[in-house]
Number of protein chains: 2
Amino acid sequence: MEPTIPRKYSLRAEMFKALAHPARIYILDKLRERPRCVCELAAEIGLEKSAASKHLSQLKEAGFVEDERRGTLVEYRLVAPCVLDMAACAEGTILENRRKRLEIPGEG
Amino acid sequence: MEPTIPRKYSLRAEMFKALAHPARIYILDKLRERPRCVCELAAEIGLEKSAASKHLSQLKEAGFVEDERRGTLVEYRLVAPCVLDMAACAEGTILENRRKRLEIPGEG
DNA sequence: TGCAATGTTTCCATAATTTGCAACATGGAG
DNA sequence: CTCCATGTTGCAAATTATGGAAACATTGCA
């Protein structure tokens with residue numbers, strides 16, 4: 001069948017795709033406190049630096065973070081605070097609905 | 001390497017994954033107006049009813065929509081309006097950042 | 001009962017994503 | 001300059017996602 005979905009929705013989907021991985025969500029939450037380098041994030045999420053770098057590249061491409069080199073390090077920082085509100089929305093409504101429906105106990 | 005990402009972030013990622021497809025974003029926007037049946041949505045997004053049904057199943061599993069049978073039809077409706085705010089956030093900040101970065105390189 | 005309309009599930013092929021390893025690039029120290 | 005630390009990119013394997021076709025399920029109606 002022929003696709004008829006306007007481009008606007010593809011752009012939105014790309015943005016959400018950048019958030020559609022536990023490691024990337026975790027990274028954003030860590031960057032909420034303060035900027036961090038790749039090696040620090042890699043250690044925290046338990047991935048090779050190459051994998052961490054690729055996740056950060058996706059977040060950067062989507063516009064959620066920016067990077068700046070400091071010596072041998074590359075520091076990443078959060079630039080789209082509204083993503084936190086999005087996550088909050090998730091916690092407050094979506095996951096709540098899901099818990100009720102599936103009877104999953106809440107987690108802090 | 002061993003994964004050390006808390007379950008909380010996996011749950012959030014699952015929710016965003018449900019939004020990480022143009023067809024599903026399009027569906028949610030259509031449901032914003034009024035509830036619709038599977039066949040209507042399938043025609044609008046240009047997919048077979050089976051594919052449309054699977055997309056709706058994912059949205060339902062994530063808690064964004066609910067379904068109710070009406071005769072031979074199955075009507076889907078939006079139950080998490082905050083998803084619209086999330087999309088608005090996307091339009092307003094993320095995509096704007098991206099435009100600046102891709103079209104005006106070298107500018108802070 | 002039989003039949004049509006609508007949805008869901010299953011199977012399969014194709015495409016996209018993710019990861020680690022290795023190679024390469026960049027910057028600082030000696 | 002060389003050596004080392006940090007990041008990025010290329011590659012291949014494994015995993016996951018997607019879509020169509022067909023089978024199956026459910027409802028309404030004659």
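Letters A, B, ... mirror the listed sequences (proteins, then strands); counts begin at 1. What you are looking at is a predicted structure, and each value in this text was computed from that prediction instead of being measured.
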- prompt: Touch check for B:Q58, heavy atoms < 4.0 angstrom, all strands: base, sugar-phosphate only, or nothing?
  reply: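 It contacts sugar-phosphate atoms only.
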
query: Contact class for A:R24 (heavy atom, under 4.0 Å): base, sugar-phosphate, or nothing?
result: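 Since only primed, P, OP1 and OP2 atoms lie under 4.0 Å of A:R24, the category is sugar-phosphate.
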
Among [options], the nucleotide that comes nearest once only the side chain of [X] is considered:
X     : options                : result
B:H21 : C:dG27, D:dT18, C:dC21 : D:dT18
A:V74 : D:dT8, C:dG7, D:dG19   : D:dT8
B:T72 : C:dG27, C:dT6, D:dG19  : C:dT6

Between [atom2] of [N] and [atom1] of [X], the distance in whole Å:
X     : N      : atom1 : atom2 : value
A:K60 : D:dT9  : NZ    : P     : 8 Å
B:L41 : C:dT6  : CG    : P     : 14 Å
B:L73 : D:dA25 : CG    : C1'   : 15 Å
A:L56 : C:dT19 : CG    : C1'   : 15 Å
B:F16 : D:dA17 : CZ    : P     : 17 Å
B:L19 : D:dT18 : CG    : P     : 12 Å
B:E68 : C:dT8  : CD    : C1'   : 18 Å
B:I45 : D:dT18 : CD1   : P     : 12 Å

message: What does the B/S/- profile of nucleotides 9-16 of chain C look like, 5' to 3', with a 4.0 Å heavy-atom cutoff to protein?
response: BBB-----

query: If only side-chain N and O atoms of A:Y76 are considered, is one of them under 4.0 Å from the OP1 or OP2 phosphate oxygen of D:dT6?
result: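 For D:dT6, OP1/OP2 do not have a side-chain N/O of A:Y76 under 4.0 Å.
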
field: N or O in side chain of B:H55 less than 4.0 angstrom from D:dA17 OP1/OP2
entry: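 Indeed not, no polar side-chain atom of B:H55 lies that close.
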
Nearest-nucleotide comparison on DNA chain C, the residue closer to the 5′ end among B:R69 and A:R69: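 On the 5' side of the pair lies B:R69.
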
Using a strict cut-off of less than 4.0 Å between a Lys/Arg side-chain nitrogen and an Asp/Glu carboxylate oxygen, indicate whether [X] and [Y] qualify as a salt bridge.
X     : Y     : value
A:R69 : A:E75 : no
A:K17 : A:E61 : no
B:E68 : B:R70 : yes
B:E40 : B:R34 : yes

What I'd like to find out is whether the side chain of [X] reaches to under 4.5 Å of the side chain of [Y], using heavy atoms alone.
X     : Y     : answer
B:L19 : B:R24 : no
B:V79 : B:F64 : no
A:I27 : A:E44 : no

task: Kindly compute the distance separating CD1 (A:I25) from CE (B:M15), expressed to the nearest 0.5 Å.
output: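 Here the interatomic distance stands at 7.0 Å.
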
- request: Could you tell me the separation between the CG atom of B:L41 and the CG atom of B:L28, rounded to the nearest 0.5 Å?
  value: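 The distance works out to 10.0 Å.
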
message: Heavy atoms within less than 4.0 Å of DNA chain D: which residues of residues 33-40 of chain B have one? Give them sorted by number.
response: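 Going residue by residue through residues 33-40 of chain B, none turns out to have a heavy atom under 4.0 Å of DNA chain D.
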
message: Determine whether a donor-acceptor pair (N or O, by modelled atom type, separation under 3.5 Å) exists between the side chain of A:R36 and the backbone of A:K30.
response: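 Looks like yes, one N/O pair under 3.5 Å.
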
